[in-house]
Amino acid sequence: DGKLIVADTFNNRVQIYTKGGKFLSQFGDPTIFGGGNGGTGVGLRGIAVDADGNIYTADQIKQKISKFSPTGTLIKSVSANPYPMVLCVKNGVLWAGQGNYVIKKYTLDLAESGTFATDDKFEIYGLAIDDAGYVYVSGYGNGSVVVYNSGGSIARWSGSNMGPTL
């Protein structure tokens with residue numbers, strides 16, 4: 001519906017804006033994301049939205065993925081180990097780039113449906129899927145992007161620490 005949904009990482013909350021930038025609402029705090037009841041720590045990392053407007057969040061500290069209604073009501077949370085960093089929804093599948101170089105797939109009801117790929121080249125920091133099924137992954141701290149085909153094999157890569165640029 002044209003809303004901009006933002007993971008306000010350092011304040012452990014989700015903020016919702018109109019496409020014109022007008023603030024609409026927010027939800028979350030350190031008791032929901034991050035360090036726990038009254039605790040500190042940056043937990044909220046990744047965010048994704050499905051076609052129905054449900055909001056999915058990745059909490060690195062609490063090692064969980066949560067599903068919220070479009071208004072911010074918690075629907076469900078599941079443990080996600082290794083810790084989740086980034087999320088993407090494509091064609092009814094929730095993709096999670098998790099620590100220790102793992103990409104996992106979940107149903108939109110947060111049931112784990114398999115590991116897509118693992119790679120020991122970098123920690124996953126960005127994740128996108130195109131209409132052809134290619135999965136684009138950016139690495140933390142190494143300036144690299146890896147593109148996987150739909151079967152989970154590396155199709156191409158670029159960056160200084162990955163080998164030759166394709």
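Every salt bridge (Lys or Arg N to Asp or Glu O under 4.0 Å) that K3 has, sequence neighbours left out, goes to D1. Partners of K105 by side chain to side chain contact (heavy atoms under 4.5 Å, CB included), not counting sequence neighbours, listed by chain and number: V93, W95, S113, F116. Under the rule for a side chain to side chain contact (heavy atoms under 4.5 Å, CB included), A51 has no partner lying at least two apart in sequence or in another chain. Residues satisfying the ring-ring contact (aromatic ring centres under 6.0 Å, His included) criterion with Y56, sequence neighbours excluded, are absent altogether. Looking at residues two or more places apart in sequence or on another chain, you find no side chain to side chain donor-acceptor pair (under 3.5 Å) involving N91. By the side chain to side chain donor-acceptor pair (under 3.5 Å) test, S153 is found to be paired with no residue, residues two or more places apart in sequence or in another chain being considered. For S77, the side chain to side chain contact (heavy atoms under 4.5 Å, CB included) criterion is met by K64, S66, L74, not counting sequence neighbours. Looking at residues two or more places apart in sequence or on another chain, you find a salt bridge (Lys or Arg N to Asp or Glu O under 4.0 Å) between D109 and K67. The side chain to side chain donor-acceptor pair (under 3.5 Å) test applied to Q15 returns D8, Y17, not counting sequence neighbours. The ring-ring contact (aromatic ring centres under 6.0 Å, His included) test applied to Y106 returns no partner, not counting sequence neighbours. With sequence neighbours left out, the side chain to side chain donor-acceptor pair (under 3.5 Å) criterion links T18 to no other residue. Partners of D131 by salt bridge (Lys or Arg N to Asp or Glu O under 4.0 Å), not counting sequence neighbours, listed by chain and number: K90.
A 4.5 Å side-chain heavy-atom check between Q98 and I65 finds at least one atom pair inside the cut-off. The shortest distance between side-chain heavy atoms of V137 and L127 falls below 4.5 Å. Between P70 and N54, the closest side-chain pair of non-hydrogen atoms falls below 4.5 Å.
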Steps toward side-chain contact (heavy atoms from CB on, under 4.5 Å) verdict (D52, L108): CA-CA 11 Å; D52 295 327; L108 295 183; over 6 Å; no
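Residue V89 comes nearest to V49 through the heavy atom pair CB-O, 3.9 Å, listed as atom of the first residue, atom of the second, then distance. Considering all non-hydrogen atoms of both residues, N149 and A155 come closest at N-CB, 4.1 Å.
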